[in-house]
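Residues: numbered from 1 along the sequence shown.
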Amino acid sequence: MKKIVIVGGGAGGLQLATRLGHYFSRKRQRKSPATHITLVDRNRTHIWKPLLHQVATGALDSSLDALNYQVHARGNGFDFQLGSLQKLDRRRRAIGLAPVLDSEGRQLVPARELEYDYLVLALGSQSNDFHTPGVRDHCVFLDSSEQARRFHRLLLDRFLQLETHVADKLQIAIVGGGATGVELAAELMDTTRQMGHYGHIARRALQVTLIEASPHLLPALPPRLGNNAERELSRLGVRVMTGCAVAEANREGFVTASGEEIPASIRVWAAGVKAADFLAQLDGLATNRLNQIEVTAELQSVSDPHIFALGDCAGCTDSAGQKVPPRAQAAQQMAGVAEYNLIAAIEGRPLKRFHYRDRGSLVSLSKHTAVGNLMGALVKGSLTIEGRIAGFAYRSLYRMHLAAVHGWAKAMLIYLVGRANRFVKPPLKMH
């Protein structure tokens, strides 16, 4: 019996576990040795990470849209284990999972070990604070659904203060003008408008400041798109500060490198990502300065061919010599190659080298509009799109993620049920 253990149930890890579960559970795969697939994640449910800004504002109800790992595993030929990776023993080919605790810190499940023949690390990334003083103590991050729900609770509490006139304004500052910061800023302005329908909150009561160190927003995209995004955010009422570096965070807000103080009762840090710090001490696996596991073009660790890594936690230079960026589309493409290579390794066939294909980037600016570019053979290069067409393309990305996990038939059914829920329920989650 061969054992494949996948740690991390994000876009790449969940897709990989699902496809491997399907492959090895088919009766006709008699040429393959019996293989057991186990997915490990510290959460019970999965939310597509690009949607976390909607969970944070209440535009998306995670209790309705989340995928339960245990239920999904049961129907797709793999097992699920709740837990967090604590240690790795490469000589014994085993990982150690930390104890599972309840909300009051009491132990529910003791520490345990899982043996593997092949280990896949798909642990994603976390916000990079660049060692900026005060950020870890005074800022909210949007790296997980738990953190997004924490932001949502803070937001509802501040809205209550506005409604009861305990406060006359709500100041939110977001550091990082990439996709997460831009989308969150736009969503917050729409949330305030929606809250005005249920309470007595004036739109001008919310003051959102978006701070970016680069000369323009969305630095990964062409400057014109970043400038267009800035104009749209300014039209919505967001104060945009570009070319502005933050030197410190405190209880009152942020302090810029020039000494300017930006007051904020809610402070969000969304300025860059890195892999988890503990990966740099994981039984001698080679990592880079962002704590990413260094892998070959076959997605195998350069330190151990029995360990694969994919997604944001993998430092990969592909077969064309290009550095693979930490993006959801890269994780999903890596999952496809990792699936092929794990099956090939078990069946004794040659492995395939990964080649990253940039499909473009899309950033949502409100419910119906977006900016971005599409790339690939379909458009013969790069095509810049904006407005409602870009908004439609952006929403299609989530449907493609659902299809990768569930197949198109079930994905469309889930999408239609979601649309029905949004029709009969309030547009915002207010609890």
Heavy-atom check, side chain of [X] versus side chain of [Y], under 4.5 Å:
X: V175; Y: T132; value: no
X: F278; Y: L85; value: yes
X: W269; Y: V246; value: yes
X: V7; Y: V5; value: yes
X: L14; Y: H72; value: yes
X: V295; Y: F308; value: no
X: V363; Y: L225; value: no
X: M241; Y: E212; value: no

Separation of [Y] [atom2] from [X] [atom1] (nearest 0.5 Å):
X: L188; Y: L170; atom1: CG; atom2: CG; value: 8.5 Å
X: H216; Y: L221; atom1: NE2; atom2: CG; value: 8.5 Å
X: I211; Y: R239; atom1: CD1; atom2: CZ; value: 8.0 Å
X: L52; Y: R149; atom1: CG; atom2: CZ; value: 9.5 Å
X: L160; Y: L155; atom1: CG; atom2: CG; value: 11.5 Å
X: H46; Y: L39; atom1: NE2; atom2: CG; value: 10.5 Å

Look only at the side chain of [X] and the backbone of [Y], and say whether a donor-acceptor pair between them is shorter than 3.5 Å.
X: Y69; Y: G9; result: yes
X: N43; Y: T45; result: no
X: Q292; Y: D312; result: yes
X: D318; Y: Y356; result: yes
X: T256; Y: A245; result: no
X: R90; Y: S303; result: yes
X: R267; Y: R251; result: yes

For atom [atom1] of [X], is the number of surrounding heavy atoms from other residues, nucleotides or ligands below 6.0 Å larger than 12?
X: Q322; atom1: CD; value: yes
X: E261; atom1: CD; value: no
X: E146; atom1: CD; value: no

Please name the pair of heavy atoms, one in [X] and one in [Y], separated by the smallest distance, quoted to 0.1 Å.
X: A275; Y: N291; value: O-ND2, 3.2 Å
X: R42; Y: L82; value: O-CD1, 3.5 Å
X: L206; Y: M189; value: CD2-SD, 4.0 Å
X: F151; Y: I266; value: CE1-CG2, 3.6 Å
X: L285; Y: S301; value: CD2-OG, 3.5 Å
X: P326; Y: V273; value: CG-CG2, 4.0 Å

Stepwise side-chain contact (heavy atoms from CB on, under 4.5 Å) test for W48 and L67: CA-CA 9 Å; W48 195 44; L67 175 150; over 6 Å; no

Check the pair R44 / Q70 against side-chain contact (heavy atoms from CB on, under 4.5 Å), numbers first and verdict last. CA-CA 7 Å; R44 288 183 170 87; Q70 195 163 1; over 6 Å; no

Short side-chain donor-acceptor distance under 3.5 Å, D143 and S127: yes

For the residue pair E298 and T296, confirm or rule out a side-chain donor-acceptor distance under 3.5 Å. yes

Report the C-alpha separation of E252 and V255 in whole Å, then their side-chain angles, then the decisive distance to 0.1 Å, and conclude whether the side-chain contact (heavy atoms from CB on, under 4.5 Å) test is met. CA-CA 9 Å; E252 284 70 44; V255 179; over 6 Å; no

On the ring face of F141, is R136 found with NZ or CZ under 6.0 Å from the centre and within 45° of the axis?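 Verdict for F141: a cation-pi partner in R136.
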
Starting from the C-alpha separation in whole Å, work towards a yes-or-no answer on side-chain contact (heavy atoms from CB on, under 4.5 Å) for F354 and V324. CA-CA 10 Å; F354 175 66; V324 181; 3.7 Å; yes

